[in-house]
Amino acid sequence: MINISQSFLKEYAEYKSGDTCGLQVKAKYIDGIKFPSSDAMELGNFFEYMATGSLPRDGHTPEPKIVYKGKPNESISADYQRAIQSAELFKKIIKHYEIEIIDIGRVATQDGMTGIMDIVAKWDDRICIIDTKYSGLIDDKWSDFGWNLDMLPERHNLLLQPVQYKIILSKELGCDPDDIDFYFFVFSSKEVMNVKLIKVNVDEITIANHLSTVEWVKTELQKPIDKIFKAKPNLKRCFECPINDDCKFKVEVPNIDEIAY
């Protein structure tokens with residue numbers, strides 16, 4: 001039985017709704033296969049490293065992207081220059097609000113749930129979790145990963161994290177989830193001065209629903225692995241899949257879909 005992370009819950013929900021392949025989910029979370037980072041993920045890793053000193057989960061040290069290598073105008077790319085400036089702004093925010101950082105990259109595991117918390121801190125005499133995000137969608141209303149404040153309460157994939165992390169840390173510290181605050185510090189990858197500090201308040205019903213979901217997933221995971229995770233081939237998905245070389249289910253032409261009218 002694996003310890004259930006919030007990222008696993010997200011991807012398992014996507015799999016159950018047909019939006020991703022079960023073999024990919026199994027490879028990541030059961031088999032421990034490391035999937036390559038996208039350019040956006042590497043940029044986010046670099047920002048977090050510059051802001052807090054935290055390394056990615058695979059332990060590599062993020063490096064800035066260099067443009068015009070070997071030429072007189074060799075320099076750090078504009079995207080990475082902005083990341084450096086955003087990291088300095090992060091430090092300024094921490095100092096301004098007199099936030100005392102207690103732990104960075106804290107791994108907490110309780111009752112079959114697990115999470116890696118960017119920052120555990122004390123702020124105004126309260127324990128809090130701060131999760132840093134570096135996003136090109138800070139004002140986006142329509143993307144599932146957009147941070148527009150009016151639409152954010154509908155972004156269940158984003159708000160799963162504060163719920164699970166508050167539960168885990170409260171269990172670890174022996175307190176109530178209400179005794180722990182959760183903040184997203186969202187920095188724009190496009191504009192350095194476009195930043196949102198978002199406090200997420202979670203009610204008791206949401207906590208209870210989350211715990212029920214976790215118990216349901218635990219029950220699901222007691223089934224035979226080949227009954228849980230099944231292939232859901234799709235041309236684009238298979239083409240981009242890092243494990244497609246040895247996959248007997250991959251497709252190389254589009255599937256035929258049917259609709260009723």
Side-chain angles (χ1 to χ4, degrees), residues 1-46 48-49 54-63 105-118 131-137 143-145 155-161 163-165 167-168 210 213-257:
M1 177 72 74
I2 68 167
N3 288 312
I4 297 169
S5 65
Q6 56 92 21
S7 57
F8 173 77
L9 288 175
K10 291 176 188 176
E11 292 206 41
Y12 192 68
E14 290 178 2
Y15 162 59
K16 296 297 281 187
S17 65
D19 293 328
T20 194
C21 176
L23 300 187
Q24 286 188 347
V25 179
K26 175 179 177 290
K28 281 185 186 180
Y29 297 99
I30 306 298
D31 302 330
I33 295 174
K34 303 297 183 185
F35 279 41
S37 297
S38 66
D39 289 344
M41 291 169 64
E42 275 301 310
L43 182 59
N45 287 337
F46 178 76
E48 191 168 341
Y49 174 66
S54 178
L55 295 175
R57 294 181 191 181
D58 63 8
H60 80 275
T61 300
E63 298 287 345
R106 181 170 182 157
V107 179
T109 302
Q110 295 287 323
D111 294 344
M113 294 177 286
T114 192
I116 303 175
M117 301 168 193
D118 287 351
D131 195 85
T132 58
K133 302 293 185 186
Y134 197 65
S135 172
L137 301 171
S143 169
D144 288 341
F145 300 97
R155 303 284 180 253
H156 304 299
N157 62 318
L158 296 177
L159 297 182
L160 195 67
Q161 187 174 14
V163 182
Q164 173 134 331
Y165 282 14
I167 293 171
I168 295 173
H210 184 84
T213 299
V214 170
E215 290 305 315
W216 175 77
V217 173
K218 286 180 182 178
T219 301
E220 284 276 290
L221 293 176
Q222 291 175 4
K223 300 175 184 177
I225 290 295
D226 61 345
K227 301 292 184 183
I228 306 171
F229 301 104
K230 296 183 178 181
K232 293 189 177 180
N234 165 285
L235 179 61
K236 180 176 184 295
R237 188 184 299 149
C238 291
F239 178 75
E240 296 173 346
C241 181
I243 58 171
N244 65 9
D245 286 346
D246 300 318
C247 182
K248 63 182 180 181
F249 299 100
K250 70 180 178 182
V251 296
E252 297 180 342
V253 296
N255 297 326
I256 298 173
D257 298 314

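Keep in mind that what you see is a predicted model, and the values were worked out from it rather than measured.
The side-chain hydrogen bond (donor to acceptor under 3.5 Å, both in side chains) search around K10 returns Q6, not counting sequence neighbours.
Contact record, A231 with C21: CA-SG, 3.7 Å, taken as the closest heavy-atom pair. In this structure, I168 and G115 approach most closely via the heavy-atom pair CD1-N, 3.8 Å. Nearest heavy atom pair, residue T132 against residue D118, reads N-OD2, 2.9 Å. Residue I116 comes nearest to V107 through the heavy atom pair CG1-CG2, 4.0 Å, listed as atom of the first residue, atom of the second, then distance.
Inspection of the N3 and T109 side chains reveals no N or O donor paired with an N or O acceptor under 3.5 Å. Checked by atom type, the side-chain pair Y15/Q24 shows no donor-acceptor distance below 3.5 Å. Side-chain contact annotation: Y134 with E48, donor-acceptor N/O pair under 3.5 Å absent.
Judged purely by atom type and a 3.5 angstrom limit, T114 has no side-chain atom pairing as donor or acceptor with the backbone of Q110. Judged by distance alone, the side chain of R155 and the main-chain N or O of S143 form a donor-acceptor pair under 3.5 Å.
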Audit row: T213, Y12, side-chain contact (heavy atoms from CB on, under 4.5 Å) steps and yes/no: CA-CA 11 Å; T213 299; Y12 192 68; over 6 Å; no
Could you walk me through whether E42 and H60 pass side chain to side chain donor-acceptor pair (under 3.5 Å), step by step? CA-CA 11 Å; E42 275 301 310; H60 80 275; 3.3 Å; yes
Using the side-chain contact (heavy atoms from CB on, under 4.5 Å) rule, take F46 and E63 through it: C-alpha gap first, then chi angles, then the decisive distance, then the call. CA-CA 7 Å; F46 178 76; E63 298 287 345; 5.9 Å; no
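Rounding to the nearest 0.5 angstrom, the gap separating the CD1 atom in I4 from the CD atom in E220 is 10.5 Å. Interatomic distance, CZ of F229 versus CG of L221, reported as 5.5 Å (0.5 Å rounding).
Looking at heavy atoms from C-beta onward, F239 lies out of side-chain contact with N234 at the 4.5 angstrom threshold. Two residues are said to be in side-chain contact when any heavy atoms from C-beta on lie closer than 4.5 Å; E14 and N157 fail this criterion.
A salt bridge links K26 and D31; the closest N-O separation between the charged side-chain nitrogens and carboxylate oxygens is under 4.0 Å. We find that R237 and E240 are not joined by a salt bridge, their nearest charged nitrogen and carboxylate oxygen being 4.0 Å or further apart.
Other residues, nucleotides and ligands contribute over 12 non-hydrogen atoms within 6.0 Å of the CG atom of D226. Residue F145 qualifies as open at atom CZ: its count of foreign heavy atoms under 6.0 Å is 12 or below.
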